[in-house]
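All heavy atoms count here, side chains included; hydrogens, waters and symmetry mates do not.
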Amino acid sequence: MDEDRDLSYHYDNAEVTLNVSLGKDFTEGNLYFGDMRQVALSEMQCWEVEHRVSEGLLHRGQQMHGALPISSGRRWNLIVWIRASQERNKLCLMCNRRPELVEGGGSTDGFTKPCIAPLNAACVTINTPS
Ligand SMILES: O=C(O)CCC(=O)C(=O)O
Ligand SMILES: [Fe+2]
């Protein structure tokens, strides 16, 4: 709390993300979006999206995005990362490999083992739009 004034460019470990602006009072701090994570950062275009308080924004989790710095106030958001096991069982978004599945009970379709690969540095590069 009180420390994160912005959020660098990244993609989410989710198929779809819901981002709801809860307020409170803040200035600046817009979201920005780029292409899907597979596009080279050097070729990516970014655009800014105004995110008004009480509005929800639904985006693909693998679309690159970030939050610009706020210049005053406090910015609260509700973030819901929505994951689909059918998709995630095919590919781990964090290491780009097919995950090993652990048997689940009942009607589950498997759970992934913890990912041991280091985070891809390209995913956490700070690259704010000009
Ligand atoms: O601060 C925001 O609105 C973005 C948050 C976000 O992208 C995340 O938590 O994955
Ligand atoms: Fe995110």
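Under a hydrophobic clustering in which Ile, Leu, Val, Met, Phe, Trp and Tyr are joined whenever their side-chain heavy atoms come within less than 4.5 Å, directly or via other members, M36 and L58 fall into different clusters. With hydrophobic clusters built from ILVMFWY side chains whose heavy atoms lie under 4.5 angstrom apart, L7 does not share a cluster with F26.
Checked against side-chain contact (heavy atoms from CB on, under 4.5 Å), I79 has the following partners two or more places apart in sequence or in another chain: T17, N19, N77, W81. By the ring-ring contact (aromatic ring centres under 6.0 Å, His included) test, H51 is found to be paired with no residue, residues two or more places apart in sequence or in another chain being considered. Residues satisfying the side-chain contact (heavy atoms from CB on, under 4.5 Å) criterion with E43, sequence neighbours excluded, are V39, A40.
If you take NE2 on H59 and CG on L31, they are separated by 7.0 Å, rounding to the nearest 0.5 Å. Going from atom NE2 of H65 over to atom OH of Y32 covers 9.5 Å, rounded to the nearest 0.5 Å.
With a 4.5 Å cut-off on side-chain heavy atoms, C46 and Y9 count as touching. Contact check for Q63 versus F33: side-chain heavy atoms found under the 4.5 Å cut-off. By the 4.5 Å heavy-atom criterion applied to side chains, V53 and L22 are not counted as neighbours. With a 4.5 Å cut-off on side-chain heavy atoms, L18 and L57 do not count as touching.
Looking at every heavy atom in both residues, M94 comes nearest to Y11 through CE-CE1, 3.4 Å. Here the closest non-hydrogen pair linking G34 and W47 is O-CH2, 3.5 Å. Across C92 and P99, no two heavy atoms sit closer than the pair N-CD, 3.9 Å.
Looking at N30 and E48, their side chains do bring a donor and an acceptor atom within 3.5 Å of each other.
For residues 55-70, the salt bridge (Lys or Arg N to Asp or Glu O under 4.0 Å) pairs, not counting sequence neighbours, are R52-E55. Sorted by first and then second residue, the pairs that involve residues 15-34 and meet salt bridge (Lys or Arg N to Asp or Glu O under 4.0 Å), not counting sequence neighbours, are E15-R88. Residue pairs that meet the salt bridge (Lys or Arg N to Asp or Glu O under 4.0 Å) test with at least one member in residues 29-39, sequence neighbours left out, do not exist here.
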